Amino acid sequence: MTDSVYLDHNATTPMRPQAIAAMAEVMASVGNASSVHTFGRAARSQLDRARASIADLVGAQAADIVFTGGGTEANNAVLQGAHRRRVIVSAIEHDSVRLASDAETARVTSDGVIDLAALSRMLASSSEPALVCVMLANNETGIVQPVAEVARIAHAAQALVHCDAVQAAGRIAIDMAALGVDYLTLSAHKLGGPQGVGAVALRAGVPFTASQRGGGQERGRRAGTENVAGIAGFGVAAKIATQDLHASAALAALRDKMEHDLVQLAPDAHVFGSRASRLPNTSCVAMPGVAATTQLMALDLAGVAVSAGSACSSGKVKPSHVLAAMGASETEAASALRVSLGWTTTADHIGRFVEAWSDLYRRLSPASRPATVAA
Ligand code: PLP
């Protein structure tokens with residue numbers, strides 16, 4: 001494993017050692033953040049510190065951060081807690097948004113960007129005030145959405161706006177006020193914190209009813225004893241992410257060089273969203289004629305871990321609704337790999353991926369084989 005190349009940071013990124021250290025310290029101590037004694041107050045101050053770091057990462061107020069058990073729970077909490085009967089979600093949302101309610105779907109263009117004119121028409125078609133959900137950056141392609149524009153259009157139609165920033169946080173700068181959104185969701189394990197911890201950042205005063213009841217924690221907005229160690233790890237990771245945002249430029253350079261090298265060798269390779277604004281760390285690339293599962297397994301044998309373009313949450317690769325929404329054919333989508341870089345990625349890792357991918361292309365791609373001469 002130590003010699004392996006990990007390029008699946010959008011699935012989960014390695015924890016920052018400082019976050020692990022902070023968690024270990026909390027786990028070695030005792031204290032329920034709701035207790036009034038010294039131990040409880042120490043636990044509470046861990047939560048306060050983390051809340052401040054996470055608010056800082058996204059330009060929110062610390063008092064408006066609600067901790068959850070991950071990004072999926074955060075998204076579900078908004079979809080239920082905003083109390084809007086009409087919900088509109090973009091066609092490329094993560095399943096934790098797409099499937100969290102009975103929603104109408106807003107289309108995206110072939111560049112993978114929400115169609116703002118179509119969204120305006122949808123909003124105008126009913127006087128029922130809606131909740132509009134548009135992610136900041138897509139988990140499969142990295143394509144960044146014009147969320148500030150979405151918020152402007154949606155607010156003009158009295159809609160509320162939710163933005164899933166799970167993949168964007170720590171990779172691009174986020175200012176919740178500048179985006180103008182009412183709800184923003186985060187997940188710790190995509191930015192160097194632990195799995196199973198997330199947050200909803202609220203705009204002050206927006207409706208938000210707790211979907212989980214049975215305790216007054218998180219100011220009555222999410223019942224249940226807080227995961228103090230996990231939240232402390234989240235806070236430390238968020239702080240490092242804020243300080244390290246400048247490292248994104250180097251990641252983008254590595255990603256761009258990688259795509260350049262792949263396309264040089266394989267002119268038929270297709271990079272999804274290459275014309276759109278993208279996260280610096282993500283590439284979704286199709287090797288036509290070779291199933292993504294075949295590529296995944298061969299790369300794994302070569303010691304390189306990536307993921308199928310069609311994100312899998314159950315270990316199974318399913319057709320990608322994201323690539324389908326961009327107009328990709330089923331066969332093209334089925335040959336797409338997602339390569340996602342992160343804070344541990346080096347130029348050597350990228351070189352090894354390009355080498356393994358090129359080897360595979362030469363062996364398996366129909367385009368790289370000389371045409372057979374008919375007898
Ligand atoms: N939203 C997006 C865009 C994601 O990529 C993911 C995870 O892949 C989630 C939400 C869910 O987050 P979690 O894994 O913390 O439940």
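All figures in this text were calculated on a predicted structure; none of them were measured in a lab. Just follow the structure's listing: the first ligand is 1, and inside any ligand the first atom is 1.
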Got a sec, which residues hit ring pair (Phe, Tyr, Trp, His ring centres under 6.0 Å) with H9, two or more places apart in sequence or on another chain?
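H9 satisfies ring pair (Phe, Tyr, Trp, His ring centres under 6.0 Å) with Y6 only.
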Please identify each residue that fulfils ring pair (Phe, Tyr, Trp, His ring centres under 6.0 Å) with H37, with sequence neighbours left out.
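Result, ring pair (Phe, Tyr, Trp, His ring centres under 6.0 Å) vs H37: F39.
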Below 4.0 Å from any atom of ligand 1, which residues have a heavy atom? Give them in chain and number order, please.
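Ligand 1 pocket, heavy atoms under 4.0 Å: G70, G71, T72, N75, H94, S96, M135, N139, D164, V166, Q167, S187, H189, K190.
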With no hydrogens and no angle check, is any side-chain donor or acceptor of R51 less than 3.5 Å from a backbone partner on I65?
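Checked: pair present.
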Might you confirm whether atom CG of D348 has over 12 heavy atoms from other residues, nucleotides or ligands at distances under 6.0 Å?
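For D348, atom CG is crowded (more than 12 foreign heavy atoms under 6.0 Å).
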Looking at D244, V236, L191, which hits side chain to side chain contact (heavy atoms under 4.5 Å, CB included) with R16?
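For R16, the side chain to side chain contact (heavy atoms under 4.5 Å, CB included) check succeeds only for D244.
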The criterion is salt bridge (Lys or Arg N to Asp or Glu O under 4.0 Å); which residues satisfy it with R213, sequence neighbours excluded?
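Per chain and number, R213 pairs via salt bridge (Lys or Arg N to Asp or Glu O under 4.0 Å) with no residue.
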